[in-house]
Enquirer: 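Let me give you the structure first, and then I'll get to my questions.
The analysis underlying the following values was restricted to heavy atoms, covering all of them including side chains, and did not include hydrogens, waters or symmetry mates. All values reported here derive from a predicted model rather than from experimental measurement. Along the sequence shown, the residues carry numbers beginning at 1. Start at 1 and go down the list; that is how both ligands and their atoms are numbered.
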Amino acid sequence: MIALWIVLAVVVLVTILVSSVALSRRASRRGPESAAPPPSAPTATPPPAPPRRATPPPAPPRRAAPPVPAPPQPETGEPPPPAVAPTAEAPPPSPTVAVPDDGAGAEVVAPADLRDRMGKTRGVFSGYLRALRGRGSVDGQTWDDLEEALLRADVGVATTTALLEDLRQRVRSGELRGPDAVVAALRAALRASLEVAGGVDLRFEEGVTNVWLFVGVNGVGKTTTIGKIARRQVAQGRTLLLAAGDTFRAAAAEQLGIWAQRADVGLVRGAEGSDPSAVVFDAVQRASARGQELVLADTAGRLHTKVNLVEELKKIRRVADRPPGRVTEVLLVLDATTGQNGLTQARQFLDAVGVTGVVLTKLDGTAKGGIVVAIQREFGLPVKLVGIGEGPDDLVAFDADRFVDALFE
Ligand SMILES: Nc1nc2c(ncn2[C@@H]2O[C@H](COP(=O)(O)OP(=O)(O)OP(=O)(O)O)[C@@H](O)[C@H]2O)c(=O)[nH]1
Ligand SMILES: [Mg+2]
């Protein structure tokens, strides 16, 4: 019996021992599992988090940078910023000089001026050219860059396509090799497309009262241009009168009156709403009676309808052409900052009043200087003068060589 109790006690003891060992093993396995999650979740994530927060700051600088070189490609990040900045601050110095010798009324300017004032256009253009040259070979990217540069400078789709198609063929035929040759050929092609019959001289005839009419939509710079030209003509020894043919607003005649005072010339004006052709007719009569040889006639840029405006301009022209008057220039004034849209607006004037040339204003305030090429190519009209600022001397004769040099150098 005692032996039986001993056996039972041993069995019980062994059972207790075995189960306690099993429990302790399970506990040791669960230990690492339950300990792991806390460190892994919160601890592992936070450390990466700060670095992630540290990264964003670099991002804003990257976003802040593009606006400056915005004109060219973001990747090139080229020179436009430096070019743009000087332009914005450039207006004060105006080394323009009137040269009273060419007898046709064109003004000559110190070479640096047009170049400096065209800083925005140059910035766009030269950025692409530099990137393109830097790649060393002519590939698909070359054509993309050239196309973008020309379109951004507002050379226009039609002109850009024609220019590039020609260059592509010359590269295919082996005539042009390498980016430098392509750029040089583009430069020559642009220069050639600026060759328009007639030249930039403003036409003036002896023995009649010359009338130069200024037409264009409102705000393009007609009145300002007249003021600038009046000063130059006086400096060249011409005698002249201003005609306030914009009778649509009284303020227009007052604005022209200020320019007349500055140039020390007479002004003929009518009442607000009066017939502008009567004002121009009167100006021609007075100029002739005083032996003055030139009338600069302002016109309205806006009327109730465009049909009215065009009809009114036709009438002004007819009246101004009656002897002793002779219309020797009809200058279409275009605002370079409006780019291709400006061309669309301007077409209505072309046939209606027999435009003889273009004055392109505000070339200083735009990166769309390529519009000069589009105007000459699409309108077949010479750009005779360009406005490069609001100051009285900020008007220069358009010089195709200097213009192209400014784009490429
Ligand atoms: N930056 C710059 N501004 C110019 C230039 N030419 C004219 N402006 C400015 O353009 C604005 C409009 O010029 P206006 O001469 O009044 O234009 P307009 O065609 O006579 O306008 P409307 O009489 O309203 O038809 C003015 O603030 C001028 O100073 C230029 O070449 N460069
Ligand atoms: Mg005006």
Enquirer: Examine all N, O or S atoms of Asn218, backbone included, and report whether one is under 2.8 Å from the Mg ion (ligand 2).
Expert: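 No, since none of the N, O or S atoms of Asn218 sits under 2.8 Å from the Mg ion (ligand 2).
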Enquirer: Taking atom CG of Asp264 as the centre, does the number of heavy atoms from other residues, nucleotides or ligands within less than 6.0 Å exceed 12?
Expert: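 No, CG of Asp264 has 12 or fewer neighbouring heavy atoms, counting only those of other groups under 6.0 Å.
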Enquirer: Does NZ or CZ of Arg318 fall inside the cone over Phe281's six-membered ring, less than 6.0 Å from its centre and within 45° of the axis?
Expert: no
Enquirer: State plainly whether the residues Glu254 and Arg249 are in salt-bridge range, i.e. N to O under 4.0 Å.
Expert: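 No, Glu254 and Arg249 are not salt-bridged.
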Enquirer: Let me know which protein residues bring a heavy atom to under 4.0 Å of ligand 1; chain then number is fine for ordering.
Expert: Asn218, Gly219, Val220, Gly221, Lys222, Thr223, Thr224, Lys228, Asp246, Arg249, Gln255, Gly301, Thr361, Lys362, Asp364, Gly387, Ile388, Gly389, Glu390
Enquirer: Looking only at heavy atoms, which two atoms of Phe379 and Arg347 are closest? And how far apart?
Expert: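 Phe379 and Arg347 have their closest heavy atoms at CE1-NH1, 3.4 Å.
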Enquirer: For Asp145 and Arg135, which heavy atoms make the closest approach, and how far apart are they?
Expert: OD2-NH2, 2.9 Å
Enquirer: Answer with yes or no whether the side chains of Thr328 and Glu205 bring together a donor and an acceptor at under 3.5 Å.
Expert: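 Not at all, the side chains of Glu205 and Thr328 share no donor-acceptor pair under 3.5 Å.
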